[in-house]
Amino acid sequence: MSFYFQEDPTLERHFKGHKDVVSCADFSPNNKQLATGSCDKNLMIWNLTPKARAFRFVGHTDIITGVHFSPSGSLVASSSRDQTVRLWTPSIKGESTVFKAHTASVRSVQFSSDGQRLVTGSDDKSVKVWGVERKKFLYSLNGHTNWVRCARFSPDGRLVASCGDDRTVRLWDTSSRQCINIFTDYGGSATFVDFNSSGTCIASSGADNTLKIWDIRTNKLIQHYRVHSAGVNCFSFHPSGNYLISGSSDSTMKILDLLEGRLIYTLHGHKGPVLAVVFSRDGGLFASGGADSQVLMWKTNFDSLNYRDLLSRHSKRVTPDPLPHLMDIYPRSPHRHNAQNGTIEVSGHTIPIHIFCVL
């Protein structure tokens, strides 16, 4: 039996509009939009103000694998199995520019924190860095021996972390363009990697059900979690650096308290693997997407709470199992946002773009 406190995460909205697996998600910096990509080849921009219509951006010719807002919020980058990256204007105009990024599927895309560069990872085994203003290729980081699943800039832009099917996590120096460290502790593919907000640590997830956190100042593994019962596909650091949310093929999301080093919530809501989780830039919201084509938006709530108070409040909870975490959260009925009732479809083949409404 689950108990709800106002500090527990709560499901706020439920977005329906994708027709296939939801593979990636990102919030705009001002929290007014949520972008999601899917195996239906469409990029959705959900406008979070009440009764606002969603935008459906059409242009990619294969599965969308990654999405990221620029720091200003004026651009959205998407990566795809069609070997391209697109830069979109997240408005009704929906203009996009496209560039051939790799010679195989592009698995991930991310802006640098100054918005001047993009980093991409690909099945062609390379990590590439691009100039945003001129849409120009700058350089490759070569060393992976299999598909690259994910690549991310450090907050200061001086490092890139990447991971992939060669079961390694690699750290690169962007000025020397050399690999400066390799972490090899995986029993399967390394699926996702990212830096914490201070840039002192990287986390990586694996198909072997694990989450690992490394201190890159000492190159030591400092935390190792095995809280999921299937592969971990994605995760997101809370901007405070104190929490991490993960999504797994076991259909759940888990929230970890990194200061306490423990699992605190298991979130249920998706039917099938969870493939995308992301905190908003201020940490007040997080979104999830998965194989069930659903996009769920949650209110964080717990991030402003003193956890020791909550731990003591939950300490007398009766449960048949040992308590590895505070509670399981099953979503109550949220506000449902059905894109079919108000989607603006935007075709990204040419500039200017033709716009029409789906009724």
Side-chain angles (χ1 to χ4, degrees), residues 1-15 25-34 46 48-50 194 196-198 201 203 205 211 213 223 225-228 232 234-248 250-270 274 276-290 294-337:
M1 184 176 181
S2 294
F3 298 92
Y4 287 92
F5 297 94
Q6 72 177 66
E7 300 92 347
D8 295 331
T10 52
L11 183 57
E12 290 289 292
R13 298 184 66 179
H14 177 182
F15 299 101
D26 192 40
F27 284 93
S28 65
N30 65 6
N31 272 8
K32 291 185 176 174
Q33 293 180 313
L34 172 65
W46 308 94
L48 302 181
T49 49
D194 204 2
N196 66 348
S197 54
S198 64
C201 296
S205 59
L211 269 163
I213 300 178
Q223 291 188 337
Y225 297 93
R226 191 185 288 270
V227 293
H228 286 286
V232 183
C234 51
F235 62 83
S236 179
F237 277 105
H238 187 272
S240 67
N242 297 340
Y243 307 102
L244 181 146
I245 183 169
S246 57
S248 167
D250 67 9
S251 306
T252 70
M253 291 160 281
K254 306 272 188 180
I255 295 172
L256 302 169
D257 181 337
L258 303 180
L259 298 181
E260 295 279 340
R262 58 179 286 158
L263 174 63
I264 54 174
Y265 289 110
T266 297
L267 303 178
H268 304 264
H270 287 282
V274 181
V277 289
V278 64
F279 277 109
S280 61
R281 301 292 204 274
D282 67 358
L285 299 167
F286 60 93
S288 58
Q294 290 191 100
V295 177
L296 306 180
M297 188 176 80
W298 308 73
K299 196 167 179 189
T300 304
N301 294 329
F302 59 79
D303 57 340
S304 58
L305 184 68
N306 180 332
Y307 246 107
R308 285 176 182 78
D309 293 347
L310 187 56
L311 284 169
S312 63
R313 223 185 286 176
H314 281 264
S315 61
K316 294 176 183 174
R317 182 170 165 249
V318 177
T319 174
D321 304 310
L323 255 188
H325 59 291
L326 292 185
M327 66 168 60
D328 289 85
I329 302 290
Y330 291 85
R332 294 167 288 183
S333 298
H335 168 70
R336 178 169 293 195
H337 184 106

Measure the spacing between CG of Leu244 and CG of Leu263 and express it to the nearest 0.5 Å.
11.0 Å
Shortest non-hydrogen contact from His228 toward Asp250:
ND1-OD2, 3.0 Å
Please confirm whether Phe302 and Tyr243 have ring centers closer than 6.0 angstrom.
yes
Is a side-chain donor or acceptor of Arg262 paired with a backbone partner of Asp257 at a separation under 3.5 angstrom?
no
Side chains of Phe237 and Leu258: does their closest heavy-atom pair fall under 4.5 Å?
yes
Can you tell me how the ring of Trp46 sits relative to the ring of Phe15, calling it parallel under 30°, perpendicular over 60° and tilted otherwise?
tilted
When Met253, Glu12, Arg13 are each screened for side chain to side chain contact (heavy atoms under 4.5 Å, CB included) with Trp298, the one that passes is Met253
Contact summary for Leu285 and Thr300, nearest pair of heavy atoms
N-OG1, 3.4 Å
So do Phe286 and Pro9 actually touch side chain to side chain, heavy atoms under 4.5 Å?
yes
Look up atom CE in Met297 and atom OG1 in Thr10, then write down how far apart they are to the nearest 0.5 Å.
9.5 Å
Is there a side-chain contact between Gln223 and Leu256 in this structure, where contact means two heavy atoms from C-beta onward sitting under 4.5 Å apart?
no
How long is the gap from CG on Asp282 to CG on Asn31, to the nearest 0.5 Å?
4.5 Å
Taking all non-hydrogen atoms of both residues, which atom of Ala25 and which atom of Ala276 are closest, and how far apart?
N-CB, 4.0 Å
Under a 4.5 Å cut-off applied to non-hydrogen side-chain atoms, are Asp194 and Phe235 in contact?
yes
Please find the pair of heavy atoms, one from Cys234 and one from Ser205, that lie closest to each other, and give the distance.
N-OG, 4.3 Å
Heavy-atom closest pair, residues His270 and Gly290:
CE1-N, 3.8 Å
What verdict does the side chain to side chain contact (heavy atoms under 4.5 Å, CB included) test give for Leu48 and Leu34, after you've listed the backbone C-alpha separation in whole Å, the side-chain angles of each residue and the deciding distance to 0.1 Å?
CA-CA 7 Å; Leu48 302 181; Leu34 172 65; 4.2 Å; yes
So, the side chain of Ser236 versus the backbone of Phe279: is there a donor-acceptor pair under 3.5 Å, distance only?
yes
Correct closest heavy-atom pair for Gly241 and Ser197 would be N-OG, 4.1 Å
Can you check whether Asp8 reaches Asn301 side chain to side chain, under 4.5 Å on heavy atoms?
no
Atom CD1 in Ile213, atom CG in Asn196: separation rounded to 0.5 Å?
8.0 Å
Any Tyr265 side-chain heavy atom under 4.5 Å of Thr252 side chain
no
For residues His14 and Leu296, determine if any side-chain heavy atom of one lies less than 4.5 Å from a side-chain heavy atom of the other.
yes
Please examine the side chains of Val274 and Ser248, heavy atoms only from C-beta on, and report whether any two atoms are closer than 4.5 Å.
no
